[in-house]
Number of protein chains: 2
Amino acid sequence: MDVRTLCLGVLTLGEATGYEIKQVFEGAFAHFHAAGFGSIYPALADLAAEGLVTVTEVEQEGRPDKKIYRITPEGLTRFTEALCRTRPRERVRSEFMIQMFFAALLPPARIEDALKIKAGEYREILADLDRREAEAEGEIPPGPRFTLEFGRAVYGAALAHVETRGPALVEALAATAARNDGDPS
Amino acid sequence: MDVRTLCLGVLTLGEATGYEIKQVFEGAFAHFHAAGFGSIYPALADLAAEGLVTVTEVEQEGRPDKKIYRITPEGLTRFTEALCRTRPRERVRSEFMIQMFFAALLPPARIEDALKIKAGEYREILADLDRREAEAEGEIPPGPRFTLEFGRAVYGAALAHVETRGPALVEALAATAARNDGDPS
DNA sequence: CGTTTCATGTAAGTGGTTACATGATTTC
DNA sequence: GAAATCATGTAACCACTTACATGAAACG
């Protein structure tokens, strides 16, 4: 599903500016779809041109005019159709996993660092998820709640794996490195 | 990290044809980086032109000539550098999560189906991971082992979440739908 | 008799990233 | 005084996807 359709989706939750839509991508959507201004703004212009959203310009002092977007009934229909039609694929692109896969090519200390940093990142993501849930205080609808808790489950498992299996990986790599040093056939 | 660099990485494991590299993407790399022939073949041509890999053409009966690629010392250096330099990002794009997030817009039965199908997919992935580990019988090096078990941990958590929280999601959606039917303000 | 396996590629299209351009206000 | 927040956009570039093109052999 492209950013254009996804912007339409965000607007089903209520009116928003491009800037605010970006914040949804960084917040609620953070762990399943990223998007930058470079794709959001053209997408909104596109949707407006097609009549799937309306725009209201609001003048502001010392800032560019704010453009508030609202979804039209046709836009809602289109989004619902797209949502229904889209088959639920899941694509991951992880440079971290690539580094771990080819860990033997890098110094063990480098891998150890990468694991520590990644564990920290996972902890931050989990803290962020918790914070978002705490701030909403039970006002989270079932759909968003499911995705939030899915994120917690998955990142929790990822963190646990890095913490429990990481040391064994580093040890195994260090052992191999030592063998290669001590016994260079 | 682009497919070009990743092909170089696969070739650090030993010589291979484009076809065989694709199989690595579908096997060991399956849960962290996909790639199709449309990006693999041009990437290999590129690498050969730059002298990072060598090509040996092998004639075959009833088939196109097989091209066996091997990494050069310069290729190995380049890959190691790229591996070290690349910061370990993780990007996910999940249409499944999008469907769940906007679940309220779809019929509860549709969501129930999607959850069942997804649970089946996760089970298949987990079975595949187990099968790969069983077939290798302890011959898996630490790096690949870490990624394989990471996949098991994460997909295991995803499956558990879908199975334990899925029913509650469907119930909540059905309740809301019933309320809207029975009490249309 | 259909599908999967093996085996290579091209070319058009798309969708998104990154960098650039602008700039006041507020917070640390 | 620096960084973050609010606020919009453009344009070049890049990487990847998808569809097309070819075709024999083996498996079920």
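Throughout, a chain's letter reflects where its sequence line sits, starting with A, and its residues are numbered from 1.
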Classify the ring geometry of A/F37 against A/Y41: parallel below 30°, tilted from 30° to 60°, perpendicular beyond 60°.
parallel

For B/F29 and D/dC16, what is the distance between atoms CZ and C1' respectively, to the nearest whole Å?
17 Å

One thing to verify: whether A/R110 and A/D113 come together as a salt bridge, which I'm taking to mean a side-chain N less than 4.0 angstrom from a carboxylate O.
no

Counting the atoms with a prime plus P, OP1 and OP2 as sugar-phosphate, which does A/E59 contact under 4.0 Å by heavy atoms, base, sugar-phosphate, or nothing?
nothing

Between protein and nucleotides 22-28 of chain D, map the contacts as a letter string: B base, S sugar-phosphate only, - none, heavy atoms under 4.0 Å, written 5' to 3'.
-BS----

Classify the nucleic acid contact of A/G18 as base, sugar-phosphate or nothing, counting any heavy atom under 4.0 Å across all strands shown.
sugar-phosphate

Name the nucleic acid region contacted by A/Y69, choosing base, sugar-phosphate or nothing; use a 4.0 angstrom heavy-atom cut-off, strictly under.
sugar-phosphate

Is B/K66 salt-bridged to B/E59, going by a charged N under 4.0 Å from an acidic O?
no

Going 5' to 3' on DNA chain C, which nucleotide is the first and which the last to come under 4.0 Å of a heavy atom in chain A?
C/dG16 to C/dA24

Would you call A/E163-A/K118 a salt bridge at under 4.0 Å N-O?
no

Looking at B/R4 and B/E50, is any side-chain nitrogen of the basic one under 4.0 Å from a carboxylate oxygen of the acidic one?
yes

What is the nucleic acid contact for B/G36, judged by heavy atoms within less than 4.0 Å: base, sugar-phosphate only, or nothing?
sugar-phosphate

Testing the 3.5 Å rule here: is there a donor-acceptor pair between the side chains of B/R70 and B/T56?
yes

With side-chain hydrogen bond (donor to acceptor under 3.5 Å, both in side chains) as the test, would you mind laying out the steps for A/E121 and A/Y155 before giving the verdict?
CA-CA 10 Å; A/E121 283 176 19; A/Y155 281 107; over 6 Å; no

Nearest-angstrom distance from the residue atom NZ of A/K66 to P of D/dT5:
16 Å

Just N and O in the side chain of B/S39: are any of them under 4.0 Å from OP1 or OP2 of D/dT17?
yes

Verify whether one side chain among A/E90 and B/Y122 offers a donor that lies under 3.5 Å from an acceptor in the other.
yes

With DNA chain C as reference, determine whether B/R89 or B/I68 sits nearer its 5' end, using the nearest nucleotide of each.
B/I68

Over all strands shown, is B/R93 touching base, sugar-phosphate only, or nothing at heavy-atom distances under 4.0 angstrom?
sugar-phosphate

Base, sugar-phosphate alone, or nothing: which one does A/E57 contact when heavy atoms must sit under 4.0 Å apart?
nothing

Euclidean distance, atom NZ of residue B/K22 to atom P of D/dC16 [Å, nearest integer]
14 Å

So, are B/E133 and B/R152 salt-bridged, with charged N and O less than 4.0 Å apart?
yes

